[in-house]
Protein chains: 2
Amino acid sequence: MPPTGIQDSLRGRGVRLTRQRRILLDLIDGSGLHLDAESLYQLAKEKDPKLNRVTVYRSLKLFKEGGLVDELDLMHHSGDQHYYETRLKQEHAHVICLRCGRIEEYFGEPLREMRRQVELDLGFEVQLTRTEIGGYCPHCKALRAQETKVGQAVPPAAN
Amino acid sequence: MPPTGIQDSLRGRGVRLTRQRRILLDLIDGSGLHLDAESLYQLAKEKDPKLNRVTVYRSLKLFKEGGLVDELDLMHHSGDQHYYETRLKQEHAHVICLRCGRIEEYFGEPLREMRRQVELDLGFEVQLTRTEIGGYCPHCKALRAQETKVGQAVPPAAN
DNA sequence: GTTAGTGCAAACCTTTTGCAGCTCT
DNA sequence: AGAGCTGCAAAAGGTTTGCACTAAC
């Protein structure tokens, strides 16, 4: 089915919605994942073996400019690539487990409050925000506690 | 003067505080700026012409691991480098002007509230956060309004 | 004296650019 | 026909690695 608002979003100034771009948008949107350019390229190649890595980068740039996707760093927990996701209506933060790479999303009110304050107090016109929180997920938190015990016979903390 | 808590912070596990590292720490700390590896290298070379770019990268990595400095992306407003600053006691966000590159810091309560919620609601053990807000500073906001007028004779918005 | 750190050169990974041919409209 | 897009090859930007020598503790 022909995408709805996407057409308009791109067509803004002579940007065409080609076969390749459709594939890429579908992947970014459909997967619900946070893909980096290389993963996106690998997946796209399955649908069109001719599709070039360069086209992926060029398309991502366009999508970004058009406000269709957001670029993330995800704390660079796995190299220096960027990750991409469909821009949601709702602003949110990404919470990354530094041990297993699991990613959670946080939608709390403080995000909006912060934006409001930056606009009012600093006088900025906010265009985009990127909030990333690195830590250990419940699972890895437990594993780390174990590892510490095994690794160096932790004395029971006087607490 | 010999740095205070820094010694301890590094000496944790056999990390030496060499002449080169002292120079780098002084620059990061003293400048109060947000320097990237290359700028840091250029400045460090003035104090020690032999100091190598590689040493800068290796030292930054150590400082990061030791919790002495924080790594920032600053919305990649000027390439894909990383920027570094002394880790402050007080968590804060960076607000970047996408037009002139000016950087402001934001210390509001929502930052702490957000962290609290991520720990309670998602059960994460938060280690570090990185909040970046891109937009237009008051000055550039005004300039942009002008540019728009000149560029395309905006009709007075019915508002 | 030992262990860690440095400089140099070369490699690496991610992303961008130049250009000729292709494709939507 | 014409503007925009693609693929390919090559380059660029930022960072890391291997190794022999040097310096800190």
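The chains referred to below are lettered A, B, ... by the order of the sequence lines, with proteins before strands, and numbering in each begins at 1.
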Tabulated below should be each protein N or O lying under 3.5 Å from an N or O of nucleotides 20-24 of chain D; please produce it.
| unit_1 | atom_1 | unit_2 | atom_2 | d |
| --- | --- | --- | --- | --- |
| D:dA24 | N3 | B:R16 | NH1 | 3.1 |

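The distance from atom CG of B:L74 to atom P of D:dG14 is 14 Å, rounded to the nearest whole Å. If you take CD of B:E65 and P of C:dG5, they are 11 Å apart, rounded to a whole angstrom. Across the protein-nucleic acid pair, A:I23 atom CD1 and D:dC5 atom P stand 16 Å apart, rounded to whole Å. Atom pair A:R22:CZ and D:dC5:C1' shows a separation of 14 Å (rounding to whole Å applied).
Sorted by first and then second residue, the salt bridge (charged side-chain N to carboxylate O under 4.0 Å, His left out) pairs involving residues 100-112 of chain B (not counting sequence neighbours) are B:R102-B:E104, B:E109-B:R112, B:E109-B:R116. For residues 85-101 of chain B, the pairs satisfying salt bridge (charged side-chain N to carboxylate O under 4.0 Å, His left out) are B:D70-B:R87, B:E91-B:R115, B:R99-B:E147, with sequence neighbours left out.
A salt bridge is absent between B:E132 and A:R130; no separation between the charged side-chain nitrogens and carboxylate oxygens falls under 4.0 Å.
Partners of A:F107 according to the ring pair (Phe, Tyr, Trp, His ring centres under 6.0 Å) rule, which considers only residues two or more places apart in sequence or in another chain, are A:H92. Applying the ring pair (Phe, Tyr, Trp, His ring centres under 6.0 Å) criterion to A:H82, with sequence neighbours excluded, gives B:H76. Contacts of B:K61 classified as salt bridge (Lys or Arg N to Asp or Glu O under 4.0 Å), with partners at least two apart in sequence or in another chain: none. Applying the side-chain hydrogen bond (donor to acceptor under 3.5 Å, both in side chains) criterion to B:D29, with sequence neighbours excluded, gives B:T86. In terms of the side-chain hydrogen bond (donor to acceptor under 3.5 Å, both in side chains) criterion, residue partners of A:Q127 (sequence neighbours excluded) are, by chain and number, A:E125. Considering only residues two or more places apart in sequence or on other chains, A:Y83 meets the ring pair (Phe, Tyr, Trp, His ring centres under 6.0 Å) condition with A:H77.
Using a 3.5 Å distance cut-off with no hydrogens or angles, the side chains of A:S39 and A:D36 do pair a donor with an acceptor. Side chains of A:Q42 and A:E46: no donor on one and acceptor on the other come within 3.5 Å.
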Let's go through A:Q117 and A:E113 carefully: what are the C-alpha distance in whole Å and the side-chain angles of both, what is the deciding distance for side chain to side chain donor-acceptor pair (under 3.5 Å) to 0.1 Å, and is it a yes or a no? CA-CA 6 Å; A:Q117 288 186 12; A:E113 179 58 17; 3.0 Å; yes
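Sorted by residue number, the members of residues 37-62 of chain A with any non-hydrogen atom under 4.0 Å from DNA chain C read A:A37, A:R53, A:V54, A:Y57, A:R58. DNA chain C lies under 4.0 Å from at least one heavy atom of each of the following residues of residues 75-83 of chain A: A:Q81, A:H82.
Computed from C1' positions of five pairs at each end, the angle between the two local axes of the helix from C:dG1-D:dC25 to C:dT25-D:dA1 equals 40°, rounded to 10 degrees.
Partner of A:V95 under the side-chain contact (heavy atoms from CB on, under 4.5 Å) criterion, out of B:V126, B:T129, B:L122: B:L122 alone.
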